[in-house]
2 protein chains.
Amino acid sequence: MAAQKKGAGGKQPTINDVAALAGVSKKTVSRVINRSEFLTEKTRKAVEQAIETLGFVPNPQARALAFRRNFLIALLHDNPNAQTVLNFQQGVLDAIKDSDLALLVRPVDRGSERMLDDVRTFLEKQRPIGALLLPPISENDDLAALCEDLGVRYVRVGSAPLDDAKHCVSSNDREVVAEAVRALIALRHRRIGFVRGPQGFRSAAEREKGFMEALSEAGLDLPAAYNAPGNYRYAAGIEAGEALLSLSEPPTAIFCSNDEMAAGVMSVAHAKRIDVPGALSIIGFDDSPTATHIWPALSTVRWPIREMGVRAAKTLVPDFLPLAGKVDESDSGVLNSTFIQRQSVASPQR
Amino acid sequence: MAAQKKGAGGKQPTINDVAALAGVSKKTVSRVINRSEFLTEKTRKAVEQAIETLGFVPNPQARALAFRRNFLIALLHDNPNAQTVLNFQQGVLDAIKDSDLALLVRPVDRGSERMLDDVRTFLEKQRPIGALLLPPISENDDLAALCEDLGVRYVRVGSAPLDDAKHCVSSNDREVVAEAVRALIALRHRRIGFVRGPQGFRSAAEREKGFMEALSEAGLDLPAAYNAPGNYRYAAGIEAGEALLSLSEPPTAIFCSNDEMAAGVMSVAHAKRIDVPGALSIIGFDDSPTATHIWPALSTVRWPIREMGVRAAKTLVPDFLPLAGKVDESDSGVLNSTFIQRQSVASPQR
DNA sequence: ATCAATATTGACACCGGTTACCAAAATGAC
DNA sequence: GTCATTTTGGTAACCGGTGTCAATATTGAT
């Protein structure tokens, strides 16, 4: 049984009750709550004892008022991939679990002209301690400037460093994409197609760089016909698949900038009775649920989104989190993505 | 350009500033803010003028403290399906967009023994106006009782009415599953398999009821070997598929209690070179992204999760929302799910 | 042991609203 | 014109914490 709590009628004990019971002043209790350093072990113990006995929980509203800041972290996102958002959320929640913080979620409408004003109003009203910016909106410099301006801490999440390490958590997507493509080359693929991500997205650019890097290392080049546009949507994968697989000399492997588009390409292959992976290898990116739900299971790149959530939270509010696992100051804030081999890749048939 | 806001340095005006400028007391300003009726038109005008001039916005933290309640809605969930959670979130956000409310998200660990205590602490701390309970955790009566006990409004979301209409929003899953299965029967399927959801879940029970209803209407029965256990996971779909499709007389159609398991069954079919939908029709449930990403695209049932989010919010805090689109009191709170036909269903081959 | 220096603790105002309650002004009846 | 009744405005307390800075307790040096 956990702490004995009072029923519906019973009022929450306040800091005054705790102070009275412990025989100290309000302020001292406040110090204990806020982990002030200037406290005798004895006093601290006494207060903690009283807190325990009463089942006291500091009232966040009162703290927020006095502190002029809510004990909240805002998660700003416009990512269409639900699993990504939720995994990240989960990571953040892992990190703040034993703290006093709570998580406020705020989808942002990138398209809207009023976006910045909306976010400003939101931040002014809610006054969170900090904001976490998920890609692709994390790439918006105005947003970061806005946070700065409003005195809201922020951390941007990206596929490559977007800011200094204090304000950014990222993964090494480029390297890992290159690694994945090298794996194709090692399997003796020479005709390798590419399905791009949307224009102007940093994530898409990084993936493309990684792809091109691996290709040029091997002395291969990318014929224009093998380079298909995309926008991270399934439908774009279908189109790209139709285009690439209708060529007189189609690629034997296709790297898609995300899993959804890979699923689209795979559907086209199935429809055209092209054997995967026998006649066509496919690689995606994200390791979304889709990657394992389609058949054959998709080789893909997993970015450590949940870990990034943990890291982002730790970077954002190190001083509010339980002492365990502080982020090393000298850390670059770059986490490792991983290439995951599944059944959609094999050597090309002769 | 929206409202002219002061820069980083400029402080927010307070109710005192407004009072001073308007030449009245704090209380009078407060009355204007809260639309008290006992005011001279002249006074009201003066105050509103001052508010306008200063660009005054009441501080939510201070109001929360005085009200003893935060202007927040908590979303409690333990749903493994990210898309579902996010769609629901989106619906809630649609509903509260022009209000003073914000959304707090809180995943809940159903397995944990401390779950109830955790939630209690959370609610006591955050003091949201209300809580939204997503399935399957919405089925937990203790949780509803806890909200009641703490004076937190709540609305439970379910696949069938779980509570009175003031506390519940649901969909008519049973009927629509029956409709889907009737469609199979109309296509002359007679050997129809079923992959169950997890034990003890209301959603699973409703889907099963709908399935059995349609079967018995048609005078068909479900052989034990056609009734496979499942837990909503892809792996369970694989197992079920292996079992059902290895039978000497396998079903010609399989209804799976969710899309993930349907994807599993479909993978087994592909691996066994069983043509879908030619030799095997498959239906899922949820209309998750997976449903469209797999090949062939999955016929499935979509529950109106986003609309349910809107509805749930309106039911929870009608008095805090913009006047538009109030929920009709007499409404039962039941929304319609839809059967979606895609390519995974056809008449059985002779 | 004494005194300065430093570590702890407490008193009190304040964060920005709301509510309770009282006083003043306005209205109306006689 | 006087008194009771209804409006309206003001004051002070309060919601439950935190900041400032002075007061007190400890510690170390001499």
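Owing to the predicted nature of the structure, the values given are computational and were not obtained by experimental measurement. Below, chains carry the letters A, B, ... as their sequence lines are ordered, and counting in each starts from 1.
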Using whole Å, report how far [atom1] of [X] lies from [atom2] of [N].
X	N	atom1	atom2	result
B:Asn70	C:dG17	CG	P	15 Å
A:Phe38	D:dC21	CZ	P	15 Å
B:Arg68	D:dG17	CZ	P	12 Å
A:Asn59	D:dC14	CG	P	17 Å

Going from [atom1] on [X] to [atom2] on [Y], what distance comes out if it is rounded to the nearest 0.5 angstrom?
X	Y	atom1	atom2	value
B:Arg44	B:Gln49	CZ	CD	14.5 Å
A:Leu104	A:Ile73	CG	CD1	10.5 Å
B:Arg311	B:Met308	CZ	CE	9.5 Å

Mind checking if A:Phe71 touches a base, just sugar-phosphate, or nothing, with heavy atoms under 4.0 Å? nothing
Regarding A:Leu65, tell me which of base, sugar-phosphate or nothing describes its non-hydrogen contacts under 4.0 Å with the strands shown. base
Can you spot which of A:Asp142, A:Asp78, A:Asp118 makes a salt bridge (charged side-chain N to carboxylate O under 4.0 Å, His left out) with A:Arg110? A:Asp78
Using the six-membered ring wherever Trp is involved, compare the ring planes of B:Tyr154 and B:His167 and label them parallel, tilted or perpendicular (cut-offs 30° and 60°). parallel
Under 4.0 Å between a side-chain N or O of B:Thr14 and OP1 or OP2 of C:dG16? no
With a 4.0 Å cutoff (strictly under), does any side-chain N or O of A:Thr43 reach OP1 or OP2 of C:dT9? yes
Given the rule in the side-chain hydrogen bond (donor to acceptor under 3.5 Å, both in side chains) test, do A:Arg63 and A:Asn34 qualify, once you have shown the distances and angles that lead to the verdict? CA-CA 11 Å; A:Arg63 297 185 81 192; A:Asn34 294 297; 2.6 Å; yes
Between C:dT9, D:dG10, D:dC15, which one does the side chain of B:Ser25 approach most closely? D:dG10
In B/S/- notation (B base, S sugar-phosphate only, - none; protein heavy atoms under 4.0 Å), nucleotides 18-25 of chain C written 5' to 3' is BB------
